[in-house]
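Following: one structure in structure tokens, then a few remarks.
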Amino acid sequence: MHITLTSEDLTRIRFESSPLWETVASIRALQRRPAIHRPWIEATRTALAASEEPHKTRHLDILATVVRPHGYMADALTPTPSRHGSFEDSLADVAAVDPGMWRDNLEYLRRFDPVPRVVQTADLLLGDLDAGIPMIVSALSWYWDLAIRPWWPRLRSLQLEDIDWRLAQISQHGVHEVLKSLHPSVVPTATGLDIIRDCDADEPPEPGSGLILVPNAFIWPETLVLNVAPFVPTLTYAPRGVGRLWETATSCPDDPLAKLLGRTRAQILAQLDVPMTTTQLACALDLAPATVSTHLKVMSAGGLAASLRTGREVFYRRADVGESLLAAR
């Protein structure tokens with residue numbers, strides 16, 4: 001697949017954190033069960049099985065139809081992510097997608113993988129799109145509440161850490177070098193990006209709308225590309241540190257690091273596998289936010305932690321000294 005990028009497009013490249021794209025990619029991960037996401041998969045399968053939603057079976061059939069384990073997934077599921085948009089904003093965008101695109105997507109899915117459940121569910125949705133599209137939106141909303149919302153602060157923190165790092169890389173090395181680092185299958189060329197995959201876009205958007213880059217934990221180890229009009233070309237890639245996303249590190253009283261820093265500061269340092277806010281750390285460690293804030297100020301002054309501001313939120317991550325201490329433990 002080739003994404004054409006003009007000089008104007010290069011000035012319109014932006015990064016975006018998207019709860020919807022993470023949700024859609026996670027549906028595929030739940031089907032394929034990669035070992036890297038095993039803790040989340042086990043927790044999510046339990047949560048979905050325990051749900052008392054009366055339309056649970058229909059929701060699962062719809063999600064398994066519009067997101068297949070391999071190959072194509074419905075383009076209409078992932079419209080252009082809005083800047084700093086919430087999941088509810090994204091659902092409204094899905095509901096507003098042209099019904100003609102939904103019809104084309106569902107008919108293609110029906111032909112692409114004509115197993116009985118897919119054919120039956122696609123026919124149900126195609127039979128009355130005015131009712132079918134809201135059913136898709138309802139299934140996504142139900143799934144988000146159980147599968148992604150509980151984990152979203154951690155997922156978003158990982159995304160924001162990656163975006164911050166790549167923006168710093170752009171300032172030091174330029175856009176070309178950052179595009180090269182996204183994924184082995186992404187190759188910058190003189191006219192844009194070549195993405196090694198077994199498909200191409202039938203109706204790509206006209207050049208000039210830019211390119212959106214979306215870090216996405218659940219797409220690992222692949223990429224997900226949206227390159228169809230009327231959407232802005234969008235490329236998802238696995239963020240740095242995805243391998244430690246589900247790790248939980250705690251400190252015991254006789255840990256040498258706890259003796260050096262104090263038990264609470266050692267726990268905070270160990271918890272910062274991904275950037276977290278003071279509130280998130282307080283919840284994770286069952287501490288008062290004021291207590292965590294006081295420790296973070298001391299740790300930041302000592303080079304153990306560093307802050308990252310995103311909008312009105314301040315995230316804390318381990319600094320180099322903190323990483324070295326944990327590695328030597």
### Message
Check for me, please, whether M135 and M101 land in the same ILVMFWY cluster - side-chain distances under 4.5 Å, paths through other members count.
### Response
yes

### Query
Is any side-chain heavy atom of T4 closer than 4.5 Å to a side-chain heavy atom of L193?
no

### Task
Could you check if a side-chain atom of N227 sits within less than 4.5 angstrom of a side-chain atom of P205, using non-hydrogen atoms only?
yes

### Task
For T121 and V118, indicate whether the former's side chain and the latter's backbone hold a donor-acceptor pair under 3.5 Å.
no

### Query
In terms of heavy-atom contacts, does CD of E206 have more than 12 from other residues, nucleotides or ligands at under 6.0 Å?
no

#### Entry: Test item: S26 side-chain N/O and T23 main-chain N/O as donor-acceptor pair under 3.5 Å
yes

### E8 and R12 ion-paired at < 4.0 Å
yes

### Task
Find out if a path of hydrophobic residues (ILVMFWY) with successive side-chain heavy-atom gaps under 4.5 Å connects L213 to I170.
yes

### Query
Which heavy atom of Y316 sits nearest a heavy atom of S307, and at what distance?
CE2-CB, 3.9 Å

### Query
Between E22 and Q159, does any side-chain donor sit less than 3.5 Å from a side-chain acceptor?
yes

### Query
What distance separates T277 OG1 from L296 CG, expressed to the nearest 0.5 Å?
9.5 Å

### Task
Specify the closest pair of heavy atoms between P239 and P215, including all atoms of both residues, with the distance to one decimal.
CB-CB, 3.9 Å

### Task
Using the test salt bridge (Lys or Arg N to Asp or Glu O under 4.0 Å), find all partners of D194 that sit at least two apart in sequence or belong to another chain.
none

### Task
List the steps, then state whether side-chain contact (heavy atoms from CB on, under 4.5 Å) holds for N105 with V66.
CA-CA 8 Å; N105 288 180; V66 295; over 6 Å; no

### Task
Would you check, one step at a time, whether the test side-chain contact (heavy atoms from CB on, under 4.5 Å) holds for L106 with L129?
CA-CA 10 Å; L106 290 167; L129 277 177; 4.0 Å; yes

### Distance-minimising heavy-atom pair for S157 and P153
OG-O, 2.8 Å

### Query
What distance do L281 atom CG and F315 atom CZ have between them, rounded to the nearest 0.5 Å?
10.5 Å

### Message
So, using ring-ring contact (aromatic ring centres under 6.0 Å, His included) as the criterion, who are the partners of W165 when residues are at least two apart?
### Response
none

### Distance-only side-chain donor-acceptor flag, W21 / S90, under 3.5 Å
no

### Query
Do S181 and R166 have side-chain N/O donor and acceptor atoms under 3.5 Å apart?
yes

### Task
Could you check if a side-chain atom of L155 sits within less than 4.5 angstrom of a side-chain atom of L245, using non-hydrogen atoms only?
yes

### Query
Does a donor on one side chain sit under 3.5 Å from an acceptor on the other, for H2 and T191?
yes

### Query
Is there side-chain contact between V214 and L235, with heavy atoms separated by less than 4.5 Å?
no

### Task
Measure the CG-CD1 distance between L158 and I163 for me, rounded to the nearest 0.5 Å.
10.0 Å

### Query
Between the main-chain N or O of P289 and the side-chain N or O of S293, is there a donor-acceptor pair closer than 3.5 Å?
no

### Task
Could you pull out the closest heavy-atom pair between R240 and D162, with the gap in Å?
N-OD1, 3.0 Å

#### Entry: Connected via hydrophobic side-chain network under 4.5 Å: V187 and V178
no

### Query
Any side-chain heavy-atom pair from P39 and W151 closer than 4.5 angstrom?
no

### Query
H70 side chain to R28 main-chain N or O, any donor-acceptor pair under 3.5 Å?
no

#### Entry: Any donor-acceptor N/O pair, E16 side chain to S18 backbone, under 3.5 Å
no

### Task
Inspect the surroundings of CZ in R38 and state if more than 12 heavy atoms from other residues, nucleotides or ligands are less than 6.0 Å away.
no

#### Entry: side-chain contact (heavy atoms from CB on, under 4.5 Å) between S51 and W142, worked out
CA-CA 10 Å; S51 172; W142 168 78; 3.0 Å; yes

### Task
Using a 4.5 Å cut-off on heavy atoms from C-beta on, say whether the side chain of R318 contacts that of L304.
no

### Message
Is there a salt bridge (Lys or Arg N to Asp or Glu O under 4.0 Å) between R156 and E313? Walk through the geometry before answering.
### Response
CA-CA 12 Å; R156 182 168 177 263; E313 294 181 300; 2.6 Å; yes

### Message
I'd like to know if K180 and E177 make a salt bridge, using a cut-off of under 4.0 Å between side-chain N and carboxylate O.
### Response
yes

### Query
With sequence neighbours excluded, what pairs up with D89 under the salt bridge (Lys or Arg N to Asp or Glu O under 4.0 Å) test?
none

#### Entry: Joint cluster assignment, M276 & V314, ILVMFWY side-chain distance < 4.5 Å
yes

### Heavy-atom side-chain contact between L146 and T44 under 4.5 Å
no

Which pairs of donor and acceptor atoms, one on a side chain in residues 73-80, lie under 3.5 Å apart (sequence neighbours left out)?
residue	atom	partner	partner atom	Å
D75	OD2	Y72	OH	3.4
T78	OG1	D75	O	3.4
T80	OG1	V232	N	2.9

### Query
So does R32 have more than 12 non-hydrogen atoms from other groups sitting under 6.0 Å from CZ?
yes

### Query
Would the number of heavy atoms belonging to other residues, nucleotides or ligands and lying under 6.0 Å from CG of D128 be above 12?
yes

#### Entry: Between CG on residue L140 and CG on residue D145, distance to nearest 0.5 Å
11.0 Å

### Message
Quick check for you: to the nearest 0.5 Å, what is the distance between R83 atom CZ and I212 atom CD1?
### Response
8.0 Å

### Query
Passes side-chain contact (heavy atoms from CB on, under 4.5 Å), D164 versus F15? Steps please.
CA-CA 9 Å; D164 182 64; F15 289 88; over 6 Å; no

### Message
Applying salt bridge (Lys or Arg N to Asp or Glu O under 4.0 Å) as the test, list every pair that has at least one member in residues 55-74; sequence neighbours left out.
### Response
D61-R117, R68-D113

### Summary
Closest non-hydrogen contact found for V292 with A282 is CG2-CA, 3.9 Å

### Task
Sequence neighbours left out, what passes salt bridge (Lys or Arg N to Asp or Glu O under 4.0 Å) with E42? Give chain and number order.
none

### Task
Answer whether the closest heavy-atom distance between the side chains of P233 and L226 falls below 4.5 Å.
no

### Query
Is it true that a side-chain atom of R14 and a backbone atom of G210 form a donor plus acceptor pair closer than 3.5 Å?
no

### Query
Ring centres of H59 and Y143 under 6.0 Å apart?
no

## Note on the structure
Correct closest heavy-atom pair for R111 and P114 would be O-CD, 3.5 Å

### Query
Should V67 and V119 be regarded as members of a common hydrophobic cluster, given that ILVMFWY residues are connected when their side-chain heavy atoms come within less than 4.5 Å of each other, either directly or indirectly?
no

### Message
Are more than 12 heavy atoms, taken from residues, nucleotides or ligands other than E88, located less than 6.0 Å from that residue's CD atom?
### Response
yes

## Note on the structure
Output for pair (F87 CZ, L20 CG), nearest 0.5 Å, gives 6.0 Å

### Task
Please state whether the rings of F218 and W40 are parallel, tilted or perpendicular, taking 30° and 60° as the class boundaries.
tilted

### Query
Should we count CZ of R33 as having more than 12 external heavy atoms under 6.0 Å?
no

